[in-house]
Enquirer: 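Mind having a look at this structure? Questions to follow.
Below, chain A is the first sequence line, B the second, and so on; all start at residue 1.
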Number of protein chains: 2
Amino acid sequence: MARTAIDSPWKKEAERKQERALKREAVLAAAAHVFSEWGYHRASLDEVARVLNVTKPTLYYYFKNKEAMLFACIQHGLDRLDAAADFADDARASGMERLVAYLRRYAAVIDSDFGRCAVRISDTELSGQSRKKVRRIKGVIDRQIRALVSAGIEDGSIASSDPKVTAFALAGALNSIGQWPPGEASLPGVKLADEYIALLVQGLAPR
Amino acid sequence: MARTAIDSPWKKEAERKQERALKREAVLAAAAHVFSEWGYHRASLDEVARVLNVTKPTLYYYFKNKEAMLFACIQHGLDRLDAAADFADDARASGMERLVAYLRRYAAVIDSDFGRCAVRISDTELSGQSRKKVRRIKGVIDRQIRALVSAGIEDGSIASSDPKVTAFALAGALNSIGQWPPGEASLPGVKLADEYIALLVQGLAPR
DNA sequence: AAAATAAGTTACTCAAAAGTAGAAAAGGCG
DNA sequence: CGCCTTTTCTACTTTTGAGTAACTTATTTT
């Protein structure tokens with residue numbers, strides 16, 4: 001008779017590892033929520049713990065320290081922004097179409113706790129190596145946007161004199177969505193993002 | 001023989017009051033510089049004092065506490081943004097022309113320490129009455145932009161479906177100029193602002 | 001010259017929040 | 001059961017920086 005997978009102690013260990021990973025993620029989500037609401041310094045770990053119905057030392061069982069939590073939050077947010085590129089890889093679409101698809105996804109990410117962390121909290125809060133990593137990912141994202149702008153210029157779907165500045169301006173405009181205090185908006189995030197993007201695409205001047 | 005104005009004790013008192021006011025302004029400028037560079041919480045008053053070649057208690061001779069300094073910085077920045085409206089009162093100009101003039105001035109203010117303080121530091125750092133005042137001024141500025149957008153819609157120089165959202169998006173896009181770390185820009189602030197504004201006016205789509 | 005006032009300093013207190021040591025549950029496993 | 005590992009807690013220590021008390025020095029006024 002074969003041993004059942006359920007009875008295997010190895011399985012149990014994997015399960016526990018998974019539970020630990022889930023709890024770690026829960027800590028991270030709570031941290032992202034509190035950080036993005038209060039800012040990094042005003043956010044206390046006691047508050048993060050309270051949200052999770054645990055005590056502060058428990059958090060330290062999952063993360064080395066407060067900065068490690070912030071780094072993980074920002075990195076996760078940036079990774080999701082980076083992954084927005086997957087929405088822009090339709091080879092048949094024009095540069096403009098791909099850019100707009102990218103930006104819509106980008107805006108959706110920013111309208112989340114991790115996105116707000118990535119966009120609103122200065123990377124100068126991080127020290128040394130972490131800051132370097134964050135800056136690298138930000139550079140990757142910037143180049144993604146720039147590449148889409150350039151592609152649009154090439155195929156004639158976008159007019160821009162300077163892809164670098166345009167990319168920064170686009171990111172900056174969308175990032176400002178993350179500044180809206182939740183509730184102030186009075187518009188669902190997606191609707192708001194579409195209005196922003198429409199402005200950026202069409203411009204203020206009548207056509 | 002008449003007593004000379006120079007010997008008048010009253011004159012001297014006025015002079016001293018003026019010197020005190022100048023010093024207070026110097027403290028404020030130093031605070032704005034340090035706050036906008038490090039953020040409110042990471043900025044220490046010891047650092048502000050060091051910049052001025054004095055010691056921390058001296059600062060308390062000019063301001064009640066750290067929050068009062070922040071409030072004054074933000075208020076001053078917002079007042080200058082508000083005053084940008086003076087650049088938009090040419091009655092012969094179209095709504096679009098007046099809006100662009102306003103935005104150019106707005107961007108110039110943001111590219112200063114006080115502007116960066118006003119735009120980057122969350123008003124949730126302030127408590128009670130101060131926050132209320134700041135929010136009021138922000139509301140005034142928002143309505144100024146919105147009014148210009150509406151005027152442009154009326155006279156046909158601006159195309160927009162929603163002045164409220166458009167005003168927010170414009171402010172958000174320009175505010176992001178304040179996020180550029182000084183030096184990263186590699187462009188003089190004015191040039192950068194003009195590129196931003198050109199994008200907002202013309203849009204990405206070719207005409 | 002003496003008194004009063006302004007301006008600034010040294011040397012502290014105090015509070016808040018990060019981070020830690022070590023005990024205590026909780027649960028699996030021989 | 002009794003041992004071992006994992007997880008969490010209580011009860012601290014430590015650090016940082018805001019804020020203050022009380023003294024010193026310079027200046028002005030009477």
Enquirer: In whole Å, I'd like the distance from the CH2 atom of A:Trp38 to the P atom of C:dA17.
Expert: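 So the two atoms are 11 Å apart, to the nearest Å.
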
Enquirer: Using a 4.0 Å cut-off on protein heavy atoms (strictly under), produce a 5'-to-3' string for nucleotides 13-25 of chain D with B for base contact, S for backbone-only sugar-phosphate contact, and - for none.
Expert: -----BBB-----

Enquirer: I want to know whether A:Tyr40 and A:Phe35 have ring centres closer than 6.0 Å.
Expert: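 Judged by ring-centre distance (under 6.0 Å), A:Tyr40 and A:Phe35 do meet the cut-off.
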
Enquirer: Taking only N and O in the side chain of A:Tyr61, is any of them less than 4.0 Å away from OP1 or OP2 of D:dT8?
Expert: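 Negative; the distance criterion is not met.
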
Enquirer: Does the side chain of B:Thr55 get closer than 4.0 angstrom to OP1 or OP2 of C:dT9 through an N or O atom?
Expert: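 Yes, because at least one side-chain N or O of B:Thr55 sits under 4.0 Å from OP1 or OP2 of C:dT9.
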
Enquirer: Which residue, A:Arg131, A:Arg136, A:Lys138, A:Lys132, forms the salt bridge (Lys or Arg N to Asp or Glu O under 4.0 Å) with A:Asp123?
Expert: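 Running salt bridge (Lys or Arg N to Asp or Glu O under 4.0 Å) over A:Arg131, A:Arg136, A:Lys138, A:Lys132 with A:Asp123 returns exactly one hit, A:Lys138.
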
Enquirer: I need the minimum non-hydrogen distance between A:Val109 and A:Gly77, along with the two atoms involved.
Expert: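 Closest pair (atom of A:Val109, atom of A:Gly77, distance): CG1-O, 4.1 Å.
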
Enquirer: Strictly below 4.0 Å: does B:Tyr62 bring a side-chain N or O up to OP1 or OP2 of C:dA7?
Expert: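 So the side-chain polar atoms of B:Tyr62 never come under 4.0 Å of the phosphate oxygens OP1 or OP2 of C:dA7.
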
Enquirer: Can you tell me if the side-chain N/O atoms of B:Arg20 get under 4.0 Å from OP1 or OP2 in C:dA6?
Expert: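 No, outside the criterion.
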
Enquirer: If you compare all heavy atoms of A:Trp38 against all heavy atoms of A:Arg42, which two are closest, and at what distance to 0.1 Å?
Expert: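 A:Trp38 and A:Arg42 have their closest heavy atoms at O-CB, 3.3 Å.
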
Enquirer: Could you check how far CG of B:Leu59 sits from P of C:dT10, rounded to whole Å?
Expert: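 After rounding, the gap between these two atoms is 13 Å.
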
Enquirer: Apply the test side-chain hydrogen bond (donor to acceptor under 3.5 Å, both in side chains) to residues B:Asp89 and B:Tyr102: give CA-CA distance (whole Å), side-chain angles for both, the deciding distance (0.1 Å), then the verdict.
Expert: CA-CA 9 Å; B:Asp89 59 1; B:Tyr102 182 101; over 6 Å; no

Enquirer: Has B:Thr58 got a side-chain N or O lying under 4.0 Å from the OP1 or OP2 atom of C:dT9?
Expert: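 Looking at the OP1 and OP2 atoms of C:dT9, one of them is under 4.0 Å from a side-chain N or O of B:Thr58.
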
Enquirer: Should the pair A:Phe114 and A:His76 be assigned to parallel (<30°), tilted (30 to 60°) or perpendicular (>60°) ring geometry?
Expert: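 The rings of A:Phe114 and A:His76 stand perpendicular, inter-plane angle above 60°.
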
Enquirer: In this structure, how many angstroms lie between the C1' atom of C:dA17 and the CZ atom of A:Arg50, rounded?
Expert: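 Nearest whole value for this atom pair: 16 Å.
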
